[in-house]
Amino acid sequence: MALDKNFDASAAEPRIYDAWDAANAFAAGANARPGAPAFSVMIPPPNVTGALHMGHAFNNTLQDILVRWHRMRGHDTLWQPGTDHAGIATQMVVERELAKTNRRRTDMTRDEFTALVWEQKRRSRGNIKEQLKRLGASCDWSREAFTMSGAPGAPEGEEGNFHDAVIRAFVDLYDKGLIYRGKRLVNWDPHFETAISDLEVENIDRPGHMWHFKYPLAGGETYTYVERDEDGAVLFEEQRDYISIATTRPETMLGDGAVAVHPSDERYAPIVGKLCEIPVGPKEQRRLIPIITDPYPDPDFGSGAVKITGAHDFNDYGVATRNGIPLYVLMDTRGRMRADGLDYPEAAARAGRIARGEEDAPSDATEINLVPEEYRGLDRFEARARVVADITAEGLAVMVPATDPRLGAQAAAPAAPEEGGETRLDQLVPLVEEKTITQPFGDRSKVVIEPMLTDQWFVDAARIVGPAIDAVRQGEVRILPERDAKTYFHWLENIEPWCISRQLWWGHRVPVWYGLDLHSESFRDDEGDDALDEVELISLLTKDRLVHSGQRRQCAARFEGVIEGFRDDIAALPHPLNAARIVEVEDRAAAIHTFAASLAEYNVTQDAGRLVYPVWQDPDVLDTWFSSGLWPVGTLGWPEQTPELERYFPTSVLVTGFDIIFFWVARMMMMQYAMVGQRPFDTVYVHALVRDEKGRKMSKSLGNVIDPLSLCDEYGADAVRFTLASMAAMGRDLKLSKDRVAGYRNFGTKLWNAFRFAEMNGVGASGPARPTPRETANAWILGELGRIREEVDTALAEFRFNDAANGLYAFVWGRVCDWYVEVAKPLFASEDAAVVAETRETMAFVLDNCLILLHPFMPFITEELWGQQPRDGMLVHADWPDFGADLVDPAAEAEMGWVIDLIEQIRSVRGEMNVPAGLKVELVTTELDTDGRAAWERNAELIRRLARVERLTEAEAAPKGSVTIPVRGGSFALPLAEIIDVAAERARLDKTVGKLDKDLRGLTGRLGNDRFLASAPDDVIEETRALVAEKEAQRDRLRSAQERLAELG
RNA sequence: GGGCGGUUAGCUCAGCGGUAGAGCACUACGUUGACAUCGUAGGGGUCACUGGUUCGAUCCCAGUACCGCCCA
């Protein structure tokens, strides 16, 4: 049955994928030769609720190419799929669902909520998986992993042990002292009320304002403020009783701990060490803060003086910690000005004593709430507006003429001269600069991120980063392209503590339990009688005491694991408390309640056996990257020692986007070395971004997102894959246009029709033996095939996907379809059955190998064509060839080169001379060497057909009015006197001779240069000489043609 | 401000010491039995600029300009 004219991608793709699935074609180890090396790739896990975008399509296409290639080569191949639980993103999806029915997460228990998330996970995990299948991704789906599998509460079907890996890693690091709890500044998302990672923060430039305020010096002190130019000449000088501060965030002034200036800044030297007043809040409680020096302020930026709010800005935090400046938290978890704690006068008084050094700053930055009563409870942006208004009303804003250009669009136009000149000094306005401000936004919540001082868990990354750096430095792990290793080093060498806790419900819960700290003065057994009497009990029962007690903690994989630790911990307490039973409760409040009740009961019953010591688990969950950092070992079953771990770890290649090189790659490196002491992968291939055709980043807001699946609908998955591969030059962004995809869809059609042609000519499946043809064309194409196989393998081995794809394109279209199929036509028409048989055999071999070589790039259409003939197995498991340039037959190659050159020259002349396409012309030869004659003899039919030549005749000299065609070893002429356009032919010859002359001038000039002959390599000199001889011969023939043309007039 | 990259045909990009390449687009011609999602032919480039190294530079080095990206 004849093939259709086109490949029907939409119908064939699902059918073919199902067939692969049914045959378990992608199972780990499928098609592996005995004793074959392992090749394993871990998919970068997409978000479980995510959808496939162009970046995924690119990333997974490259992985699939590598995986299919290795599988066909008989390697023991595993492509491990799976998804990431994506804490904040997934929780958000579920919360959004709840919001539709006016419900909130906090309306239910944590377990109820996470059950809903699991449901959501089940519903949406299929999406991305099906989408990957549409692309043709040959993952071993039977091994699909999930970063939350096996977590408490996981439903049936989610019994994997990834949770064990995550918890094991935490406990290990904790036990080694590499994880600690501390208060540090973190990116805080006021919408989701959790810490988030730097990666989840987008810094976006927005039009904003910079306000300039006066901080009055304490006690009305004054100084001379002098501005000088570069030469030290005085530009401006005045007496001031204030220091001028510029800020984009006036609401944080309430928490200022100091004003900093650069140590070299002479303008402020007279007042360094003095105190100034924060110009906001009730007058009677204005706080005084010191003026300090620090390298951070840039003397040329703003006024050169920077207010320091250590608890709400990352730079200020650094200044504050360097200089011992107290930190005051101003906002609550929702980004509103705090309304808790001490009333303002008391808080301000304490802060004052701290600033004067009369009191130490509390270790807890939330203890003192410095928000004045009138701002308490306001949203931070509302508070900003109020602060600005209040300061301005009080006259403490820096004032400038209304025409000051810094005011931007708000600036008044300079008045015309007749109205009083350029400036109107009498009209002063507050200096509010209009300028672009880079602001941090939560990538999910889209709200402004607030740097916040909170208690979080941290990995002391600096202490585990060593092996990760050394491995790349010493070449144990290779990062490609090499330049990305620089980013990697830069990040790792300047690594910050890694905040791993998140205030979410969806995720791996921190495996730490807390108990009340009873080891304090008030809980002493006063009499030392080893028993609690009534007085002691009452002291314990005082709830206030319990509420303010500290806490003790223990870390273990499960609650049962911490019991021993807490027992040891309370062993020092008075009897019978020291023997209290350890029980688990929900949270601290429950613990206080339970403990108090237990004591009360003991007091009545004196039954020590009923005393309990309640402990509760940390409510926080771990950063999703903490779990995905364990992806390579975790998906292979670690911490269990599985056969897969043994077989496929360390993995072979990680293919990932450059944007997460440090977030993910670096973390996997650190964690794999920390946990199993081995590299996670041999090679990291870092690819760039897929942009739109204009080079813009694809984004929903720009509306330029190209959906890879609709592209697949339109052009077929193979075309999309081939496009991505052909554009995957290492380290370069790719600009995707539909035209390009259409072009590769056409390529598929071209291939398809080559098979149609073959089928029509009785070509079947290739046999087991490699053909050994006698015909020049057949011998030639085998050599070309051998070359391309080597080229593809070399390119893929070096991750040059584009070279492999483009090489195949050029071979299949430019060699096989353009030439081999054409030259095969006269061979198939031969009356010699042996020639026909040989050609069938060769074509079968060549086309089948085209399918094999193309399969990693275009799996569907190739599998479909493969299946058109009876085969032993599917193409996905066909053997990758190992022949190479050994297939090249130099004689055949030289002859085909000669034939192709002749045909192209004749066609070119015909085209330029406007010879009607259908007209068959005569060809005359005037001189031809033996090789030339032989080549003509063997290929006459072919040349006649492809060049539309009637017949060849010999002549002493080229006929008048003919066009000369020089070839290697001779010369042909096309007698076109009837139709020739003398002028056109003269122009053609002039042009060609001119070009030859120019080339020859360069080449002979080079050969005439002694230093060239002395310095250049021999082969280059030889090559140059040969080229000169060749070009001179051609030029001479064309010159005589010019002369003949001249005779013609 | 620091770091990294880019600048080659109308567009998108390869190449990278030894005669400037591809795909797409463009122009002309063409249904010759695989393919019009095609065929044949053609036009089109001081390889950003300025210096340097070299027998020789689009390629190496230095600087300049412009454009990106990352980090502050």
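Naming convention: chains lettered A, B, ... in sequence-line order (proteins, then strands); numbering from 1 in each chain.
Interface remark: the Arg745(A) side chain does form a donor-acceptor pair with the U37(B) base, using a distance-only criterion of under 3.5 Å. Interface remark: the Arg948(A) side chain does form a donor-acceptor pair with the U32(B) base, using a distance-only criterion of under 3.5 Å.
Look at Glu714(A) and Lys738(A) and you find a salt bridge, because one of the NZ, NE, NH1 or NH2 atoms lies within 4.0 Å of a carboxylate O, short of that distance.
The list of side chain to side chain donor-acceptor pair (under 3.5 Å) pairs with a residue in residues 814-826 of chain A, not counting sequence neighbours, reads Asn778(A)-Tyr820(A), Glu822(A)-Lys825(A). Within the structure, every pair that satisfies the side chain to side chain donor-acceptor pair (under 3.5 Å) test and touches residues 790-807 of chain A, not counting sequence neighbours, is listed here: Trp69(A)-Asp793(A), Arg789(A)-Asp793(A), Asp793(A)-Trp880(A), Glu798(A)-Arg800(A), Arg800(A)-Asp803(A).
G21(B) and C35(B) have their P atoms separated by 33 Å, with the value rounded to a whole Å.
Side-chain N/O atoms of Trp813(A) include one lying less than 4.0 angstrom from OP1 or OP2 on G39(B). Within the structure, a side-chain polar atom (N or O) of Lys5(A) is placed less than 4.0 Å from OP1 or OP2 of A36(B).
If you check every strand for non-hydrogen atoms under 4.0 Å, Phe747(A) touches nothing. Within the nucleic acid shown, Lys750(A) comes within 4.0 Å of at least one base atom, counting heavy atoms only. Base contact: Glu822(A) has a heavy atom under 4.0 Å from a base atom.
Atom CG of Leu751(A) is separated from atom C1' of C38(B) by 15 Å (rounded to the nearest Å). Spacing between atom CG of Asn802(A) and atom C1' of G21(B) amounts to 14 Å, rounded to whole angstrom units. Atom P of nucleotide C24(B) and atom CE of Met727(A) are separated by 13 Å, given to the nearest angstrom.
Under the rule for a ring pair (Phe, Tyr, Trp, His ring centres under 6.0 Å), His262(A) has no partner lying at least two apart in sequence or in another chain.
With hydrogens and angles left out, the side-chain atoms of Asn1009(A) and Arg1006(A) include no donor and acceptor closer than 3.5 Å.
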Handout entry: Intra- and inter-strand pairs of RNA chain B in dot-bracket (Watson-Crick or G-U wobble, both distances under 3.5 Å; | for another strand)
Key = ((((((((.[[[[.)..(..]]]].(((((.......))))).....[[[[[..)....]]]]]))))))).
Show the atom names and distances, to 0.1 Å, of all donor-acceptor pairs under 3.5 Å that link a side chain in residues 1016-1026 of chain A to residues at least two apart or in another chain.
| residue | atom | partner | partner atom | Å |
| --- | --- | --- | --- | --- |
| Thr1024(A) | OG1 | Val1020(A) | O | 2.6 |

Nucleotide N/O of nucleotides 17-20 of chain B paired with protein N/O under 3.5 Å:
| residue | atom | partner | partner atom | Å |
| --- | --- | --- | --- | --- |
| U19(B) | O2 | Asp999(A) | OD2 | 3.4 |
| U19(B) | O2 | Lys1031(A) | NZ | 3.2 |

